[in-house]
Amino acid sequence: MRNTALKILMVALCASSISLHAQTNQSPKKEFKFGKIEPSEFSAKAIGVDSAASAIKLFDVGNCYFELSSSGGGFVYVFERHIRYKILNKNGYDLANFKIQLYKNSNAAKEDLSSMDAATYNMVDGKMVISKLNKDAKFTEEFNKNYSIKKFALPNVKEGSVIEFKYRIKSDFIFTLRGWKFQSDIPTLWSEYNVKIPEYLDYKHNTSGYYRIGHPVHEIINATYVSGLTSTATYDKYVTENAPALKDEPFVTTMDDYTPRISFELRGTNFPQDIYRDYNGSWGKIIAGLAEREDFGAFINKNSFAKSVLPGILKGEKDTLLCTKLILNYVKNNIKWNDDYDIYANAINPKSIFEKKTGSSADINLSLLSLLKEAKIIAYPVLLSTRENGEHPGYPVISGFNNVIGVIQIGGKTYFLDATDKDLPIGMINSESLSHQGFYVDLKSYSGNWISTEPTWANEKTFAYNLSLNKENKLVGQIN
């Protein structure tokens with residue numbers, strides 16, 4: 001899509017004239033420069049309900065905009081963030097250990113950390129002392145084949161310190177932009193997110209949470225993506241001011257459901273001299289896309305491995321429910337869950353997953369669906385958002401899901417199928433997936449609908465303790 005988009009963009013910019021329509025709004029104007037610390041920031045204190053806070057987020061400013069890639073030619077997006085804290089007590093020291101997660105896939109598409117600045121500021125004898133980020137305090141952790149984590153540790157952090165980080169990321173993954181959270185577990189004096197989207201890209205955005213997000217700017221601006229040629233972009237600014245700390249509470253499954261935030265997902269492209277291309281504007285489009293993906297619909301349809309192992313699994317059994325149980329148990333006993341949730345497989349055929357003997361929830365449950373399909377048992381994928389991932393907004397947004405299981409109907413009874421846990425019988429899914437409803441998809445008719453995942457019986461764990469107090473007054477024994 002990227003090279004085609006560039007060709008269309010070049011032709012359109014050379015052949016068409018641009019008309020500019022702008023909506024002018026007065027917006028709160030705040031500017032923050034790296035290293036320019038105001039004296040008032042050292043005296044900042046938490047007050048009121050946040051008087052016991054460990055730190056204050058003085059500001060958190062993000063910018064998201066687009067460029068043309070110098071290598072691939074298509075659009076990439078740039079994400080910039082500048083954040084500054086005042087450390088109030090020792091419980092805030094962990095803020096000096098900063099992490100940035102970067103993604104890459106097998107097609108050479110990736111995210112790059114193109115710049116990073118960080119520093120600690122302390123007042124010593126009336127003068128500000130600056131401690132910059134040391135080279136030996138930068139680490140990279142290869143979390144798995146898709147994710148790496150950049151880690152940074154600031155020096156000389158103490159009570160009363162001001163610390164700040166400023167970094168830039170370039171990403172090839174324009175389908176889903178980096179979102180923004182406006183509230184956290186410490187009080188935030190100012191949070192701002194600026195987004196500039198080219199006229200050729202159509203994004204849907206989702207806001208959630210209970211603290212009001214201001215939207216002072218929505219306007220059309222000039223934007224240059226090809227040297228010497230002018231086009232337009234939509235500029236939106238979102239802000240919150242003096243947001244109190246959002247503290248975790250008992251029985252809350254995920255704080256993300258209550259955190260004010262905004263996210264973006266590509267709906268379609270609208271290049272001049274080309275038709276509007278809808279990639280994700282409806283459930284039908286989403287399901288059609290899933291059906292064509294090598295790591296979803298095409299993965300389920302791969303049947304060579306299923307053909308080779310099914311006779312040994314079923315051993316002539318004809319009863320649909322018993323066959324389903326045999327296949328479910330085979331998958332559970334031959335692939336170990338790596339504790340990762342996903343909706344896309346990490347391979348293009350089930351054979352690779354079974355050979356590896358470990359995989360994500362998608363690797364496991366899509367392999368299960370492949371076996372069921374070859375056994376002529378009609379089962380459907382069900383997309384879920386786990387409890388930790390938060391509630392799905394309900395409208396067509398594929399990035400709101402992070403898990404997939406199966407569903408089957410036998411004798412008028414619905415059974416959910418989840419092979420990630422050996423202890424789960426047919427019909428039961430793990431407690432993390434109990435998010436009230438999932439979205440089942442029919443990959444043949446490109447249709448789907450919401451389905452309740454409320455359990456008919458409880459999923460519970462029972463622990464038996466056999467402990468005794470030894471001479472050192474420590475409890476020793478066994479837990480089953």
* Hey, are R178 and E111 close enough for a salt bridge, meaning a charged N less than 4.0 Å from a carboxylate O? -> yes
Could you tabulate the donor-acceptor pairs under 3.5 Å formed by side-chain atoms of residues 345-360, not counting sequence neighbours?
from : atom 1 : to   : atom 2 : distance (Å)
N346 : ND2    : D363 : OD2    : 3.1
N349 : OD1    : K351 : N      : 3.2
N349 : OD1    : S352 : N      : 3.0
N349 : OD1    : S352 : OG     : 3.2
T358 : OG1    : K336 : O      : 3.0
S360 : OG     : A362 : N      : 3.4
S360 : OG     : D363 : N      : 3.3
S360 : OG     : D363 : OD2    : 3.3

* L133 and L154, any side-chain heavy atoms less than 4.5 Å apart -> yes
* To do: Measure from the ring center of Y279 to the ring center of F175 and say whether it is less than 6.0 Å.
  => no
* Kindly compute the distance separating OG (S361) from CG (L366), expressed to the nearest 0.5 Å. => 8.5 Å
* Asked: Taking D278 for the side chain and G268 for the main chain, is one N or O donor matched with an acceptor at less than 3.5 Å?
  -> no
* Spacing of CD1 belonging to I87 relative to OH belonging to Y85, to within rounding of 0.5 Å -> 8.5 Å
* Asked: Only one of Y446, Y395, F439 clears ring-ring contact (aromatic ring centres under 6.0 Å, His included) with W283; which?
  -> F439
* Say whether, by atom type as modelled, one donor and one acceptor occur between the side chain of S231 and the main chain of A223 under 3.5 angstrom. => yes
* Can any side-chain N or O of N89 pair as donor or acceptor with the backbone N or O of N91 at less than 3.5 Å? -> yes
* **Side chain proximity check, I300 to L372, heavy atoms < 4.5 angstrom** => no
* Asked: Which atom names give the shortest non-hydrogen contact between D257 and E391, and what distance separates them?
  -> OD1-N, 2.6 Å
* Asked: Taking everything shown except F34 itself, do over 12 heavy atoms lie less than 6.0 Å from its CZ?
  -> yes
* Asked: Less than 4.0 Å between a side-chain N and a carboxylate O, is that true for D442 and K444?
  -> no
* Side chains of Q183 and T259: do they bring a donor and an acceptor to under 3.5 Å? -> no
* **Within the 6.0 Å centroid threshold, strictly below: H82 and F32** => no
* **Taking every non-hydrogen atom, the tightest pair across A53 and L88** => O-CD1, 3.4 Å
Expected list for residues 54-68: side-chain donor-acceptor pairs under 3.5 angstrom, two or more places apart:
from : atom 1 : to   : atom 2 : distance (Å)
K57  : NZ     : S184 : OG     : 3.4
D60  : OD1    : R81  : NE     : 2.9
D60  : OD2    : R81  : NH2    : 2.8
N63  : OD1    : N194 : ND2    : 3.2
Y65  : OH     : E80  : OE2    : 2.8
E67  : OE1    : K170 : NZ     : 3.2

* To do: For a side-chain hydrogen bond (donor to acceptor under 3.5 Å, both in side chains) with S433, tell me which candidate from T453, T386, N403 qualifies.
  => N403
* Asked: How far apart are the C-alpha atoms of E265 and T176, what are their side-chain angles, what is the distance that settles it, and do they pass the side chain to side chain donor-acceptor pair (under 3.5 Å) test?
  -> CA-CA 5 Å; E265 184 176 283; T176 305; 4.6 Å; no
* To do: Provide the closest heavy-atom pair for V382 versus G406 in the form atom of the first, atom of the second, distance.
  => CG2-C, 4.2 Å
* To do: Determine yes or no for a side-chain-to-main-chain donor-acceptor pair under 3.5 angstrom, with N365 supplying the side chain and A419 the backbone.
  => yes
* Is there side-chain contact between V195 and Y203, with heavy atoms separated by less than 4.5 Å? -> no
* Structure fact -> Note: E292 and A298 closest approach over all heavy atoms is O-CB, 4.5 Å
* Structure fact -> Taken to the nearest 0.5 Å, the spacing of I197 CD1 from D236 CG works out to 7.0 Å
* Is the closest basic N to carboxylate O distance between D202 and R267 below 4.0 Å? -> yes
* Below 4.5 Å, heavy atoms only, C-beta onward: do E241 and L189 meet side chain to side chain? -> no
* Within 6.0 angstrom of I130 CD1, more than 12 heavy atoms from elsewhere -> yes
* Knowing that exactly one of F182, Y238, W180, Y235 qualifies, which makes a ring-ring contact (aromatic ring centres under 6.0 Å, His included) with Y193? -> W180
* Asked: Aromatic rings F165 and F98: how do their planes relate, parallel, tilted or perpendicular, breaks at 30° and 60°?
  -> parallel
* To do: Taking the six-membered ring for Trp and the single ring otherwise, decide whether the centroids of H436 and W450 are under 6.0 Å apart.
  => no
* Asked: Among all residues two or more places apart in sequence or in another chain, which pass the salt bridge (charged side-chain N to carboxylate O under 4.0 Å, His left out) test with R387?
  -> none
* Any donor-acceptor pair under 3.5 Å from N334 side chain to Y330 backbone -> yes
* State which residues pass side-chain hydrogen bond (donor to acceptor under 3.5 Å, both in side chains) with K247; sequence neighbours excluded, sorted by chain then number. => none
* Looking at side-chain heavy atoms only, is the closest gap between F152 and N97 below 4.5 Å? -> no
* **Heavy-atom pair with the smallest gap, counting every atom of I343 and V404** => CA-CG1, 4.1 Å
* Asked: Which residues satisfy the side-chain hydrogen bond (donor to acceptor under 3.5 Å, both in side chains) test with Y210, sequence neighbours excluded?
  -> none
* Under the 3.5 angstrom rule, does the side chain of D50 hit a backbone N or O of A46 as a donor-acceptor pair? -> no
* Asked: Quick one: does T269's side chain have a donor or acceptor within less than 3.5 Å of a partner on Y200's backbone?
  -> no
* To do: For N303, check side-chain hydrogen bond (donor to acceptor under 3.5 Å, both in side chains) against everything at least two apart and list the hits.
  => E374
* Considering non-hydrogen atoms only, spot the tightest contact between P393 and N206 and give its length. => CB-OD1, 3.7 Å
* For atom CD of E388, is the number of surrounding heavy atoms from other residues, nucleotides or ligands below 6.0 Å larger than 12? -> no
* To do: Before giving the answer on side chain to side chain donor-acceptor pair (under 3.5 Å), spell out for N156 and T120 the whole-Å C-alpha distance, their side-chain angles and the decisive distance to 0.1 Å.
  => CA-CA 7 Å; N156 301 327; T120 303; over 6 Å; no
* Flag, side chain of S370 to backbone of K302, donor-acceptor distance under 3.5 Å -> yes
* Flag the pair N430 / D418 as yes when at least one side-chain heavy-atom distance between them is below 4.5 Å, and no otherwise. => yes
* Heavy-atom side-chain contact between K104 and L102 under 4.5 Å -> no
* Side chains of Y121 and E164: is there a donor and an acceptor less than 3.5 Å apart? -> yes
* **Ionic contact status for K86 with E41, cut-off 4.0 Å** => no
* Between D185 (side chain) and L246 (backbone), is there a donor-acceptor pair under 3.5 Å? -> no
* With no hydrogens and no angle check, is any side-chain donor or acceptor of S171 less than 3.5 Å from a backbone partner on F173? -> yes
* Side-chain contact test, heavy atoms from C-beta onward, threshold under 4.5 Å: evaluate it for N389 versus D256 and give yes or no. => no
* Pair K138 + D136, salt bridge at N-O below 4.0 Å -> no
